[in-house]
Amino acid sequence: MKVIILNFKKQSIMKKTVAFILFICLSTNIYSQQKEASIIKIKNTLQNYFNGYIERDINKLNKAFDIKNGTMKVPILKNNKTIGYQNKYFKDLMPIWGNRKKLSQKVLKNCSFKILNIDIVDEKIASAKISMKVDTVTYIDIVSLQKIKDNWKITNKIYVTRK
């Protein structure tokens, strides 16, 4: 009689273990799919930023940026040295960026874009580090993104330039 009870307990423990492992696998799979979907949307947002910037396309820029509340840290220069930063609102910058003189085909062919890092937190906020080469200048941007109405938008940006 003891042997039967022990086997029953072992079977019960095994069923619980298998159920737990299945639960973890399914949960991890769902989380991975959500994260992958967010990464794709964030990459699209960053690509809209780059394409909008080099094509001078305000529609693509508006897709990428939070033009209601988003800001960019712009260097304050004194004698060609950065002495601090000031906030500029994207709502003021996008019309300027979108209406700049078009880049030549030669310059456009020399432009490049690379996503260096993406970090997502709770499917609500993210940060990304990107490299954008535009003509002879390379911009290294660190951007904050927020999910707004199921769309990832750049809400803050700081950058350095390299020549």
Side-chain angles (χ1 to χ4, degrees), residues 23-24 26-163:
F23 173 76
I24 294 298
L26 289 173
S27 298
T28 303
N29 189 29
I30 290 168
Y31 173 75
S32 295
Q33 289 174 356
Q34 288 174 336
K35 188 170 184 176
E36 185 61 33
S38 286
I39 288 172
I40 290 168
K41 287 181 178 182
I42 289 169
K43 286 180 177 180
N44 288 339
T45 297
L46 297 171
Q47 193 68 53
N48 276 328
Y49 163 30
F50 174 69
N51 291 343
Y53 189 80
I54 65 168
E55 295 168 10
R56 311 310 198 211
D57 185 332
I58 195 161
N59 293 324
K60 289 180 182 176
L61 291 167
N62 287 340
K63 283 182 184 178
F65 289 91
D66 172 8
I67 55 171
K68 184 175 181 183
N69 297 306
T71 60
M72 179 171 109
K73 301 290 186 192
V74 178
I76 301 169
L77 300 175
K78 185 173 183 181
N79 299 326
N80 288 329
K81 293 189 181 193
T82 302
I83 60 169
Y85 293 87
Q86 62 182 341
N87 282 331
K88 296 281 185 173
Y89 285 93
F90 294 136
K91 64 183 170 192
D92 299 325
L93 291 171
M94 293 310 106
I96 295 169
W97 291 359
N99 289 307
R100 285 183 175 164
K101 181 182 172 191
K102 299 280 185 191
L103 298 174
S104 70
Q105 287 301 313
K106 181 181 176 186
V107 170
L108 285 172
K109 286 180 184 176
N110 198 31
C111 291
S112 64
F113 172 71
K114 184 175 182 184
I115 298 172
L116 304 173
N117 184 44
I118 295 175
D119 187 27
I120 302 170
V121 179
D122 296 338
E123 297 298 315
K124 295 177 184 173
I125 61 171
S127 63
K129 184 165 129 180
I130 61 174
S131 173
M132 297 186 345
K133 185 171 187 259
V134 181
D135 200 15
T136 61
V137 178
T138 299
Y139 298 91
I140 305 296
D141 291 7
I142 297 176
V143 298
S144 300
L145 299 103
Q146 184 175 359
K147 200 176 219 180
I148 301 172
K149 296 180 182 174
D150 204 38
N151 293 306
W152 286 96
K153 297 283 188 169
I154 298 170
T155 56
N156 197 284
K157 163 182 145 77
I158 192 165
Y159 71 97
V160 293
T161 57
R162 296 182 174 160
K163 290 194 177 208

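Just so you know, these numbers come straight off a predicted model, no measurement behind them.
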- How long is the gap from CG on Leu145 to CG on Leu46, to the nearest 0.5 Å? 6.0 Å

- Item | CZ-NZ distance between Phe50 and Lys114, expressed to the nearest 0.5 angstrom | 13.5 Å

- Query: Charged N to carboxylate O under 4.0 angstrom, Asp119 versus Lys129?
  - Reply: no

- Query: Would you say the side-chain atoms of Asn69 and Tyr89 include a donor-acceptor pair closer than 3.5 Å?
  - Reply: no

- Message: If you compare all heavy atoms of Met72 against all heavy atoms of Lys157, which two are closest, and at what distance to 0.1 Å?
- Response: SD-CE, 3.0 Å

- Parallel, tilted or perpendicular: which fits the ring planes of Phe65 and Tyr49, with parallel below 30° and perpendicular above 60°? perpendicular

- Item | Heavy-atom pair of closest approach, residues Asn62 and Lys153 | O-NZ, 3.1 Å

- Message: Let me confirm one number: the NZ-CH2 distance from Lys147 to Trp152, rounded to the nearest 0.5 Å.
- Response: 6.0 Å

- Query: Looking only at heavy atoms, which two atoms of Lys43 and Ile115 are closest? And how far apart?
  - Reply: CG-CD1, 3.6 Å

- Looking at Ile130 and Phe113, what are the two nearest heavy atoms and their distance? CD1-CE1, 3.9 Å

- Item | Distance in Å, Asp141 CG paired with Tyr53 OH, rounded so as to fall on 0.5 Å steps | 9.0 Å

- Tyr159-Lys73 side chain donor-acceptor pair, cut-off 3.5 Å: no

- Message: Counting C-beta onward and ignoring hydrogens, is there a side-chain heavy-atom pair between Leu103 and Arg56 closer than 4.5 Å?
- Response: yes

- Sub-4.5 Å side-chain heavy-atom contact between Val137 and Arg162: no

- Any donor-acceptor N or O pair under 3.5 Å, side chains Thr155, Gln146: no

- Query: Is any side-chain heavy atom of Ile83 closer than 4.5 Å to a side-chain heavy atom of Leu77?
  - Reply: no

- Determine whether Thr138 and Thr161 make a side-chain contact, defined as any pair of heavy atoms from C-beta on separated by less than 4.5 Å. no

- Here the gap from Asn156 atom CG to Ile158 atom CD1, rounded to the nearest 0.5 Å, amounts to 7.5 Å

- Item | Donor-acceptor pair, side chain of Asp66 and main chain of Lys68, under 3.5 angstrom | yes

- Message: If you count every heavy atom of other residues, nucleotides or ligands that lies below 6.0 Å from Lys63 atom NZ, does the total exceed 12?
- Response: no

- Note on the structure: When every non-hydrogen atom of Asp135 is compared with those of Cys111, the smallest separation belongs to N-SG, 4.1 Å

- Kindly indicate whether the side chain of Gln86, heavy atoms from C-beta on, has any atom under 4.5 Å from the side chain of Pro75. no

- Query: Below 4.5 Å, heavy atoms only, C-beta onward: do Asp57 and Asn51 meet side chain to side chain?
  - Reply: no

- Check whether any side-chain heavy atom of Val134 sits under 4.5 Å from a side-chain heavy atom of Ile54, and report yes or no. yes

- Message: Distance check, rounded to the nearest 0.5 Å: Ile118 atom CD1 versus Ile42 atom CD1?
- Response: 5.5 Å

- Query: Residues in side chain to side chain donor-acceptor pair (under 3.5 Å) with Asp92, at least two apart?
  - Reply: none

- Message: If you compare all heavy atoms of Ile67 against all heavy atoms of Lys91, which two are closest, and at what distance to 0.1 Å?
- Response: O-CB, 2.9 Å

- Item | Side chains of Val160 and Tyr139 in contact at under 4.5 Å (non-hydrogen atoms) | no

